[in-house]
Amino acid sequence: MTELQTTIRPRRPRPKAVSLTDAAAERVRDIMAKAEKPYVALRVGVKNGGCAGQEYTFAYAETIEPLDEVVEDKGVTILIDPKAILFLIGSEIDYETTKLSSKFVFRNPNQTDACGCGESVTIIPAKALEAD
């Protein structure tokens with residue numbers, strides 16, 4: 001009888017669930033620097049609401065919760081609510097300034113529709129990746 005040897009392979013790096021443009025990262029750094037108290041990160045999520053069914057959310061995070069997806073990008077820490085991760089996989093967060101507004105914009109490959117004002121969206125969750 002031969003004895004099985006187990007070899008631990010290093011895990012290959014996972015792609016980031018979301019990424020930020022330079023403009024978005026700069027704006028997040030600015031917001032965090034001006035916050036009324038020190039926060040550990042900016043939390044991003046999705047909630048039910050709006051005429052298209054869902055809305056993106058942003059909130060200051062005082063702590064990193066055990067199930068949060070932690071994304072470090074361009075010197076910024078973003079936390080993704082575990083209930084929102086499949087809705088946000090592959091998204092790019094940008095910050096746009098026009099003559100009439102300044103806002104964060106999601107470029108989300110899982111988004112299938114948006115309302116006319118652009119404040120709410122319809123998102124189909126990404127399929128969980130199969131293990132190697």
K.L.:
Going by ring-ring contact (aromatic ring centres under 6.0 Å, His included), name the residues that satisfy it together with Phe58, two or more places apart in sequence or in a different chain.
P.N.:
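Applying ring-ring contact (aromatic ring centres under 6.0 Å, His included) to Phe58 gives Phe104, Phe106.
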K.L.:
Can you see which heavy atom on Tyr95 is nearest to which on Ser102, and at what distance?
P.N.:
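Nearest heavy atoms, Tyr95 then Ser102: OH-CB, 3.1 Å.
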K.L.:
Roughly how far apart are Lys37 NZ and Tyr60 OH, rounded to 0.5 Å?
P.N.:
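One finds 11.0 Å between NZ of Lys37 and OH of Tyr60.
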K.L.:
Between Thr21 and Arg107, which heavy-atom pair has the shortest distance, and what is it?
P.N.:
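Reported closest heavy-atom pair: CG2-NH1, 4.2 Å.
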K.L.:
Are any of the side-chain heavy atoms of Met32 and Arg29 separated by less than 4.5 Å?
P.N.:
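Not touching, per the 4.5 Å side-chain cut-off.
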K.L.:
Can you run down the side chain to side chain donor-acceptor pair (under 3.5 Å) pairs that involve residues 82-91, sequence neighbours left out, and say none if there aren't any?
P.N.:
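Non-adjacent pairs meeting side chain to side chain donor-acceptor pair (under 3.5 Å): Ser91-Asn108.
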K.L.:
Tell me if a side-chain donor or acceptor on Lys103 pairs with a main-chain N or O of Glu96 at a distance below 3.5 Å.
P.N.:
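Checking the backbone N and O of Glu96 against the side chain of Lys103, no donor-acceptor pair under 3.5 Å is found.
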K.L.:
Specify the closest pair of heavy atoms between Gly90 and Pro109, including all atoms of both residues, with the distance to one decimal.
P.N.:
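Minimum heavy-atom contact is O-CD, 3.4 Å.
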K.L.:
Between Glu92 and Lys74, does any side-chain N to carboxylate O distance fall below 4.0 Å?
P.N.:
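Lys74 and Glu92: not salt-bridged.
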K.L.:
Scan Leu88, Leu67, Ile89 and name whichever one has a side-chain contact (heavy atoms from CB on, under 4.5 Å) with Ile80.
P.N.:
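Option passing the side-chain contact (heavy atoms from CB on, under 4.5 Å) with Ile80: Leu88.
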K.L.:
Please answer: with hydrophobic residues joined when any side-chain heavy atoms are less than 4.5 Å apart, are Phe87 and Leu79 in the same cluster?
P.N.:
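As far as the 4.5 Å side-chain criterion goes, Leu79 and Phe87 are not connected within one cluster.
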K.L.:
What donor-acceptor contacts under 3.5 angstrom involve side-chain atoms of residues 41-50, with partners at least two apart or in another chain?
P.N.:
unit_1 : atom_1 : unit_2 : atom_2 : d
Arg43  : NH1    : Asp68  : OD1    : 2.8
Arg43  : NH1    : Asp68  : OD2    : 2.8
Arg43  : NH2    : Thr63  : O      : 3.2
Arg43  : NH2    : Asp68  : OD2    : 3.4

K.L.:
Does Leu20 offer a backbone N or O that forms a donor-acceptor pair with the side chain of Asp73 under 3.5 Å?
P.N.:
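Answer holds: yes.
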